[in-house]
Amino acid sequence: MAIDMETRAQALTLSVDADGVARIVFDTPGEKVNVLAKPVLEQLNAYLDQIEKDPAVKAVVIMSGKEDCFIAGANIEEIEQMNQQQATEGSQLLQRLFQRLTDLRVPTIAAIQGVCLGGGLELALACKGRVVSDHPKTQLGLPEIKLGLIPGAGGTQRLPRLITLVEALPMILQGKSCYPKKAVKLGLADEMVPPNKLWEVARQRALDGKVAVPKKDWTHSAFGRNFVCNRARQETMKATKGHYPAALAAIDAVQRGLGKSLKEGLAIEAELFGKLVETQASKSCIHLFHATTELKKELPARPKPVRSVGILGGGLMGGGIATVTADLGIPVRIKDISHEAIGKTLKGAREFFDSKRKRGRLTPYEANQRMDLISGTTAFTGFANLDMVIEAIPEDLILKQNTLRELEKVTRPDCIFASNTSSLPIKAIAEASSRPETVIGMHFFSPVPKMPLVEVIVHPGTADWVTATTVDLGRKMGKQVIVVNDGVGFYTSRILAPYLNEAMHLLAEGGDIEQIDQALVDFGFPVGPIALLDEVGIDVGAKVTKIMLEAFGDRMQPPEGMHKLLESGRMGRKNQKGFYLYGDARKGKKKEVDRTVYDLTPHGQTRRKLDPAYIQDRCVYAFLNEAAHCLHENVLTSARDGDIGAIFGLGFPPFLGGPFFHMDRLGLSQVVSRLEDLHRQVPRYAACPMLVEMARAGRCFF
Amino acid sequence: MSQTRVALIDGRRTPFVKADTFFKHLTPLDMATLASRELLYATGVDPDMIDDVVMGCVISHVSTPNVAREVVINLGLPKHIPGLTLGRACASGLQAVSTGSEMILAGNASVVLVGGTDSISTAPVPHSPKLINAFKPLASAKSIGDMLPHLPGILQLSPQEWLPKPPSIAEPSTGLTMGQHAELMARKNGISREAQDRYAAESHHKAGQATDDGRLTQEIAPVWVGKNYEQCVTQDPMIRRETNAEALGKLRPSFDKRYGTITAGTASPLTDGASAALIMSEDKAKALGLKPKAFIKAWVYTALDPHDQLLLGPALSIPRVLDKVGLSLKDMDLIDMHEAFAAQVLSNTEALASERFAKERLGKDHAVGEIDPDKFNVCGGSIAIGHPFAATGCRMLTTTANELERRDGQYALLSICAAGGMGVAMMIERER
């Protein structure tokens, strides 16, 4: 108990100077960030008692003892443990505590430097004024929405009462942070100062009793409030299909709360907060948060610095990889067979950097400088001293092997060869290498700058430092990086294959393309499987299906007559001919099915209505089952990686937390029994032995 | 004390293009970046080894007065590498080489990236001093009221004073342009229009040949241009393989419309481009396992009264550099002279061959020597290839060193005439 008291005392300290300015400093010992853990909150409460009783105190300044963190937010572990009632009570408790700051007889000023997020910002909002430092780490935000929650300590009430609704709502609904300059512009902060002036200015403001003046505008009228909130609700429904109750709850809290007193508004917030804690979406988002946080910490060895990168093949993929690499400040050397192809790559990079410049993310100088980092050659000139070469040439094993042999003649012995293949076994590529330990897979997703996943594939001979260096580079690019073992299709391509394949079967069974796609969009995928196949390329899909069939047998069996699609010259979007209409053939803006495609399927133009739930089960269970196979066969080393890969690489609904988290939620015995149901009608649904075993033992993945 | 030698490892340049064409949007910094980048990839040298960057730039931009340092930052090279930008008019390129060499010889550096860059297209065009002075007080005015008293001054400016003033390439001391000076030289030395046209045509033919067989293109960094980078420039677009003396003979004189002999065809054109070369101490090259193309052996800068024959620098500097190392003109396997004008080249070669010139101007009894045409400007020169002022030096250095290697020669001379009546001659030596 004594030790507890001591740490508590250190995490939060109070001192009162000769002028009567009380200084409350958050500084959790031994931690990089301050969080609003229970003991800290109790201590704050005690200090407020003390301040109230002490007539010598004239003003209060709240600040942090850490250079780059004010308060990072509430303790997620504590929230996770709560049920609805506990969460509502927890929210009310925090609201009451922060209300004490507002009600204090003396002015309170938050002096903010570094990360000020979630509960940290809510605490600052409860103060009478806020001063921000222009330290580069300073950011203010309410990221609760990312965890499927809403701010529960007054954020949804105090923020829109302080700044205009059009600025406050996006902060709450998207969880985007706001930087010091903008904070002052919005009225969220009263003044921006250099770090060395923070204390002095905050102290003086507190002594002078300077109080922030809310920025009122038309959005604070009943009409404005309803107008903005109704618009936001429409847009949110459109974007999330109602899968994220937190976004709707946040709008409710704002719309209902602003029409009432702060006290009543806070009560509404607390009630909604409690309800959200128990939603599947929130549990999934928190699962994902933990998964990605854990993933970032893992490295099998010390990564080597990557100071220069070569890219083979300047197409869409290679160009995208070159762009994100140059964006890190790393010089990139592209080799392609034609100057024209390299020119296209440069064009793509220019567009990317220009768009960043237009959004204020890069200065004009930085945009040009990043362009200067990208150079091209039609020979291997300049490859002698590269740290890493990423290959993005066509998917052909012999071609890749030959290129690797050529390359090794000119590169350093410790130059990493990363293949951006989506399906070829890395081991087979490495067989062409005189130094297979430097060969690894680095599977990017298209378009590279936008897609947040990189799948790193190791073969048994890959050296740990090579893996570490590759993973480290992927992370620096801002990607989620999962490491999987070698195997046909690795993880992502492999689980996507049966999913797309079942959609094709449904089509062959007489299903309607729009209906099939809509069912999966309703399930939560960003696009339907058939539209996705048009994007991937029908020819690519056929090629992958063949490889999968050879490797995994019957459960990858495509419907008969699929070759007719290819014979009719349909390759998808790339040649403007696929399941949907493209270019001039399309009348309106809306996606439209090319109905002539039905003539190539067994049932011709007669389409039948299928139960959307059945469509979803057919596709999704094939996906889930294959994911289990991947874990069973050790392609995946953890269910966690499987969840991250499916969500960030394939667009699996994040509100379901990933295939494994979803299966846990459904109950493995339920999953197995549904698979058995399907298996009775369709031979491809034999449940993965691991699932059967785990279901029998009553185990789950997490 | 045995002195270290300065080794030339390799050189690269952008294509040299006509001003206001392909590179019209590229600044001297952009082009120097492109040339240096390709050079570093070509040599494979770890940039961490570079001790300094020395660049020539004749038309310096106000925004990047030290282009050499900006190249370091632009390319993401180690931030500890400083940079020096210098100017000695058209000799700036070789000045960068000799200054870099001096750093190495003095023991202050082992590896230096040298080069030169110039853009006519993006050259700053200043306003008239009257316009600038009229507007200056407005910048410090705190209110509209402060501005009012200065408005009459602005309104009094004549239309001409409102227009920007493009700089001309004129000698400050003589008020004559380069072309007018060359015209004077042609007249004084009796260089005929026909001889000039013949010379210029030959420059194009040789450069065309050297482009087609890859001798020039191997030194060129491809540059992607156009809004969508749809065009890739891989060679010097101004070279005209099909031209001849007759065709050139039809052109009107440029600088003296009535009695002149110099045309646009016999003068080096206004050009955009950049070049770079990597030099290092012999020991360093050995340690890195790099084979030097040549060694920078000696150099001499000279100058004469601008009112005299402004572009006669090569005829003065070549004999001095030969004397310095104790060799004669016939020991040279190659001689590369910058072609500002055909008339200037021919004036210089005649002077070198003239006993009178030797006696009067050099204090020697005998002429420096006749130049063997088979050894002279064998890949063409600035008339055909173009002349982005400070970029010409390293272009000549690299091409000559490569050609020396191809011919298995030992010695070569490089010489450039420059504004102000200056000249430089540099001797390189290859180990056979």
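By convention in this document, chain letters (A, B, ...) are assigned in the order of the sequence lines, proteins followed by strands, and residues within each chain are numbered from 1.
- Under the 4.0 Å criterion applied to side-chain N and carboxylate O atoms, A:D387 and A:R412 are assigned as salt-bridge partners.
- Residue with the most contacts toward chain B among A:D372, A:T378, A:T377, A:T381: A:D372 (heavy-atom pairs, distance under 4.5 Å).
- Between A:K400 and A:E395 there is a salt bridge, since at least one side-chain N of the basic residue sits less than 4.0 Å from a carboxylate O of the acidic one.
- Chain B forms more heavy-atom pairs under 4.5 Å with one residue of A:K344, A:R350, A:R307 than with any other, namely A:R350.
- For B:V225, no part lies under 4.5 angstrom from a heavy atom of chain A.
- Heavy-atom distances place the side chain of B:T234, and not its backbone, under 4.5 Å from chain A.
- For A:I342, the parts lying near chain B are the backbone and the side chain together; criterion is any non-hydrogen pair under 4.5 Å.
- Under the 4.0 Å criterion applied to side-chain N and carboxylate O atoms, A:E406 and A:K409 are assigned as salt-bridge partners.
- Contacts with chain B were tallied for A:R333, A:R370, A:M371; A:R333 has the most, counting heavy-atom pairs under 4.5 Å.
- Side-chain polar atoms of A:S419 and A:E391 form a donor-acceptor pair below 3.5 angstrom.
- B:D283 and B:K286 are not joined by a salt bridge, as no carboxylate oxygen comes within less than 4.0 angstrom of a charged side-chain nitrogen.
- Here the side chains of B:I73 and B:R69 are in contact, with some heavy-atom distance below 4.5 Å.
- Considering only heavy-atom pairs separated by less than 4.5 Å from chain B, the leading option among A:A384, A:G329, A:G376 is A:G376.
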